[in-house]
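Just so we're clear, the structure is a prediction, and the values are computed from it rather than from any experiment. Note on naming: letters A, B, ... go to the chains in the order of the sequence lines (proteins, then strands), and numbering restarts at 1 for each one.
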Number of protein chains: 2
Amino acid sequence: MQQITATELQTKAQRTKIRQNKKVLDLHAVKVACKECSLHQLCLPRSINGADLEKLDNIIERKRPLKRNEHLFQVGESFQSIYVVRSGSLKTYSPTVDGQEQVTGFHLPGELLGLDAIGKGKHPCAAKALETTSICEVPFENLESLSQELPTLQHQLLRLMSKEIFDDQELMLLLGKKTAEARLSAFLLSISLRFKQRGFSSIEFYLSMSRNDIANYLGLAVETVSRMFTRFQEDGLIEVERKHIVIKNREVMRQIAGMNECCEDDTQVN
Amino acid sequence: MQQITATELQTKAQRTKIRQNKKVLDLHAVKVACKECSLHQLCLPRSINGADLEKLDNIIERKRPLKRNEHLFQVGESFQSIYVVRSGSLKTYSPTVDGQEQVTGFHLPGELLGLDAIGKGKHPCAAKALETTSICEVPFENLESLSQELPTLQHQLLRLMSKEIFDDQELMLLLGKKTAEARLSAFLLSISLRFKQRGFSSIEFYLSMSRNDIANYLGLAVETVSRMFTRFQEDGLIEVERKHIVIKNREVMRQIAGMNECCEDDTQVN
DNA sequence: CGCTGCTTTGAACAACTTCAACTTCTGTGG
DNA sequence: CCACAGAAGTTGAAGTTGTTCAAAGCAGCG
């Protein structure tokens, strides 16, 4: 099964030096056409046929991989492109008045960045790599005019934006109504699900973000997040050692998270 | 200035019996083509020219006004159309596991509903009228194919969805990081701004939603919201008498809300 | 080896919630 | 048109949950 090797690869990349990490990425991240991209079912061109896929492929630019802490774009930068994560991960965050930052999301392979910038023409948040990360850049003008030609692409684009709105609303519910333990539980299950959808293990994975980022994202203090991790471990729900997580009891976690049933049949989401 | 009459009209409609309310609505809400619609600069067809506007007009269905507490759509209902509020207001909400409801948004004239349903093909939330409300229905299939023809319409649609994502992220920040007083203050300023953009008074208005709905939306207890209203009044920030609000000191409220400067130049937002 | 940054843990504190009582408003039927 | 019942809103007091502050433990890196 691909799941297992994929996981191993990921855990390896996390543990090993950047040198080796880079080598792994170079192998399948750069100069691969969309139709050969292992993510092509998850990213934009889902349900696009051969000829159309090539058209899309032509407008996509592949960038050199970002190193950890490098920015993909900064706050206020003029909006030119949509980005797709090819491998690695990023966080998006915006500055708040009091000089803090607010983490608005984490982005795993196959996920999009920049959709929130279309409206104003500039990025309301910054995007920073959490680890070595490779990215596809899709110039928005080209994407827009290509969508004009290809109804399925337009449809897919609207679907993806709609999904983002939907997901944001779930998060609003989380932030508005749920307890600290429900938030962390939901967060872990969400990451788990997203890994699964991308062919990685859903029961064992490495978190690329710090406790601080998690806390910030979930609207909690770092200390609270830390305590929750400890408690979950004590209760046998997870095993945790720094960034390494093993989900031991998904059922109970789901109850704690107060999950809607609807959040489950998300399998063919993207 | 139109502002003043608009306000008067609104306050009147709130105070008077439903009978009279209906009459006011009948006058300019029903059977008006998009190009004559007073909201047409705010709703979808912004920056669409005459001929195109007519095409759009042809696919829009006007529904009979909804009465207070009537549903526009229910949770899980199959997604067919995008809706535009023509007059009145609605709330959207979704059920949570514990049988509660979570208010996900309020929708004023010129604003859209249903964008979150495109992805899954069914409505993740329900929409209920807060007062007598009239609506334009835009069948999504038609809108999609018309967008295929009209690049500006496609662009506008993407812009609007992007704006919704952006707004949701602001709300996430509010729910995750802000105190009760900051939340209520931001809420009132948001309503105020949206009224202003639609030609109503931004300093005096009626809230069509209950304290309960506000509390739910802001992730607070009703009692907390009530106390904050009282405190704001004591501090001379607002005058409040049940649903009637007068903003007395916008500057201080903005500070309390911890507003980003960016939230200000929102004037040509839609 | 020793620094720096991230994480964990404990204890005091603050903010908001919950519970309960009371007031005001709304609308419905006599 | 008034009375009454139920809903919505307000206020006070006690209780929780999560935050803040402080300090110690640990991993990675020059």
What is the separation between atom [atom1] on [X] and atom [atom2] on [N], rounded to the nearest whole Å?
| X | N | atom1 | atom2 | result |
| --- | --- | --- | --- | --- |
| Lys177(B) | dT19(D) | NZ | C1' | 13 Å |
| Arg211(A) | dC26(D) | CZ | P | 15 Å |
| Leu207(B) | dG9(D) | CG | P | 10 Å |
| Leu184(B) | dG9(D) | CG | P | 13 Å |
| His244(A) | dC26(D) | NE2 | P | 20 Å |
| Gln100(A) | dT20(D) | CD | C1' | 13 Å |

Between Tyr217(B) and Phe106(B), is the gap from one ring center to the other below 6.0 Å? yes
Name the residue closer to the 5' end of DNA chain C, choosing between Arg242(B) and Val240(A) according to the nucleotide with the nearest heavy atom. Val240(A)
Step through the shown structure and confirm whether more than 12 heavy atoms of other residues, nucleotides or ligands are within 6.0 Å of NZ on Lys248(A). no
Evaluate Phe229(A) against Val225(A) for side chain to side chain contact (heavy atoms under 4.5 Å, CB included), listing each step before the verdict. CA-CA 6 Å; Phe229(A) 268 118; Val225(A) 169; 3.6 Å; yes
Verify, without hydrogens or angle tests, whether Gln233(B) (side chain) and Val240(B) (backbone) share a donor-acceptor contact under 3.5 angstrom.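 Side chain of Gln233(B) to backbone of Val240(B), a donor-acceptor pair under 3.5 Å: yes, one is there.
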Thr92(B) side chain vs Thr104(B) backbone, donor-acceptor pair below 3.5 Å: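 Checked: no pair found.
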In this structure, which one of Leu207(A), Ile245(A), Ile214(A) forms a side chain to side chain contact (heavy atoms under 4.5 Å, CB included) with Ile191(A)? Leu207(A)
Identify the 5'-most and 3'-most nucleotides of DNA chain C with at least one atom closer than 4.0 Å to a non-hydrogen atom of chain B.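 On DNA chain C, the outermost contacted nucleotides are dC16(C) to dC25(C).
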Quick one: are Thr96(A) and Lys177(B) in side-chain contact, heavy atoms under 4.5 Å?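 Of all side-chain heavy-atom pairs linking Lys177(B) with Thr96(A), none is under 4.5 Å.
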Expected list for residues 231-239 of chain A near DNA chain C, using heavy atoms below 4.0 Å, is none
Considering only heavy atoms, which members of residues 214-228 of chain A lie under 4.0 Å from some atom of DNA chain D? Gly219(A), Leu220(A), Ala221(A), Glu223(A), Thr224(A), Arg227(A)
Could you check Ser94(B) against Gln169(A) for side chain to side chain contact (heavy atoms under 4.5 Å, CB included), going step by step and ending with a plain yes or no? CA-CA 10 Å; Ser94(B) 35; Gln169(A) 283 179 1; over 6 Å; no
Any salt bridge between [X] and [Y], counting N to O under 4.0 Å?
| X | Y | result |
| --- | --- | --- |
| Lys91(A) | Glu101(A) | yes |
| Arg231(B) | Glu234(B) | no |
| Lys243(A) | Glu131(A) | no |

